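It should be emphasised that the depicted structure is a prediction, and the values quoted were computed from it without experimental measurement.
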Amino acid sequence: GTVVSIGQSEVMVDIGFKAEGAVSIKEISDPSAIDILQEIEVFLENVEDQEGQVVLSKQKADFMRVWDSIKDAHDTGNTVEGRLMRRIKGGIVVDLFGVEAFLPGSQIDIRQVKNFDQYLGNEYEFKIIKLNKARRNIVVSRRSVLEEEREKMRQTLVAELEDGQIREGVVKNITDFGAFIDLGGLDGLLHIPD
């Protein structure tokens, strides 16, 4: 349809029906990027509501357009790229091919994350861990991607490790009996006497 007007709460779109249809402004991630006479994809939700107006949805149209690639990534276990948009209760909303997905706080990183804001605006690879088409619900995980990468690094490291080697590592944790050092996929213990 063609955008005919942009108001405070809705965008009016001409889809060739007897009346124009309304899309809630909340459904448009960046309203400033939309211009009058621009063509946008919309989903026809209802031919008319109580006021006789055509009801349209941009989010549903976006969702249907990318559903096949999202489902394919879920079924094959492939990763998808997404941008972290904004914080919500329990996690972060991720933009995945232009539709919203949910990244739970526990799935942001391997270790517990206290400050979610440091990740906002960044792009990462994700695995899709839950899908519900009817509810348009997509749950993603960055943690599972990181765990897979770490496991590959661990296998490589185990194959290379030998007695007497000198290696660099990052101190991950200090306890009263020593320090745990991440050697790049595997943690080693540096005893307190050393």
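Leu161 and Leu189 fall into different hydrophobic clusters, where Ile, Leu, Val, Met, Phe, Trp and Tyr side chains are chained together by heavy-atom contacts under 4.5 Å.
When all heavy atoms of Met12 and Ala22 are compared, the pair lying nearest together is SD-CB, 3.8 Å. Residues Gln107 and Ser141 share a closest heavy-atom pair of OE1-OG, 2.6 Å. The nearest pair of heavy atoms linking Gln118 to Val113 is NE2-CG1, 4.0 Å. Smallest separation of non-hydrogen atoms from Lys58 and Glu27: N-OE1, 2.7 Å. Closest approach of Phe97 to Val80, counting heavy atoms only: CZ-CG1, 3.8 Å. Between Lys130 and His74, the closest heavy-atom pair is N-CD2, 4.4 Å.
In Gln165, the CD atom is crowded: over 12 heavy atoms of neighbouring residues, nucleotides or ligands sit closer than 6.0 Å. In Ile192, the CD1 atom is crowded: over 12 heavy atoms of neighbouring residues, nucleotides or ligands sit closer than 6.0 Å. Around the CG atom of Asn115, the shell of radius 6.0 Å holds more than 12 heavy atoms that belong to other residues, nucleotides or ligands.
The shortest side-chain heavy-atom distance between Ile70 and Val99 falls under the 4.5 Å cut-off. Counting heavy atoms from C-beta outward, Ile129 and Val139 have side chains that approach closer than 4.5 Å. In this structure, the side chains of Lys133 and Phe63 come closer than 4.5 Å at one or more pairs of heavy atoms. The shortest distance between side-chain heavy atoms of Tyr124 and Leu103 does not fall below 4.5 Å. With contacts defined as side-chain heavy-atom distances shorter than 4.5 Å, the pair Trp67/Leu131 qualifies. You'll find the side chain of Val66 stays beyond 4.5 Å of the side chain of Leu96, heavy atoms only. Inter-residue side-chain proximity for Ile88 and Phe102 is flagged as met; some heavy-atom pair is nearer than 4.5 Å.
No donor-acceptor pair closer than 3.5 Å links the side chain of Arg142 to the backbone N or O of Phe126.
Between the OH atom of Tyr119 and the CD1 atom of Ile92 there is a distance of 8.5 Å, given to the nearest 0.5 Å. Asp62 contributes atom CG, which lies 10.0 Å from atom CD of Glu100 (distance to the nearest 0.5 angstrom). For the atom pair CG (Asp95) and CD (Glu123), the distance works out to 8.5 Å, reported to the nearest 0.5 Å. Atom OG1 of Thr76 and atom NZ of Lys127 lie 8.0 Å apart (nearest 0.5 Å). To the nearest 0.5 Å, the span separating CG on Asn122 from CE on Met85 amounts to 12.0 Å.
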Per-pair distances, 0.1 Å, donor-acceptor, side chain in residues 178-185, under 3.5 Å, sequence neighbours excluded:
from, atom 1, to, atom 2, distance (Å)
Asp182, OD1, Gly184, N, 2.7
Asp182, OD1, Gly185, N, 3.2
Asp182, OD2, Arg150, NH1, 3.1

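The hydrophobic cluster containing Leu56, built from Ile/Leu/Val/Met/Phe/Trp/Tyr side-chain heavy atoms closer than 4.5 Å, also comprises Val3, Ile6, Val11, Val13, Ile15, Phe17, Val23, Ile25, Ile28, Ile34, Ile36, Leu37, Ile40, Val42, Leu44, Val47, Val54. The hydrophobic cluster analysis finds Val55 isolated: no Ile, Leu, Val, Met, Phe, Trp or Tyr side chain comes under 4.5 Å of it, directly or through other members.
Ion pairing of Lys152 with Glu149 is absent here, as no side-chain N (NZ or NE/NH1/NH2) approaches a carboxylate O to less than 4.0 Å.
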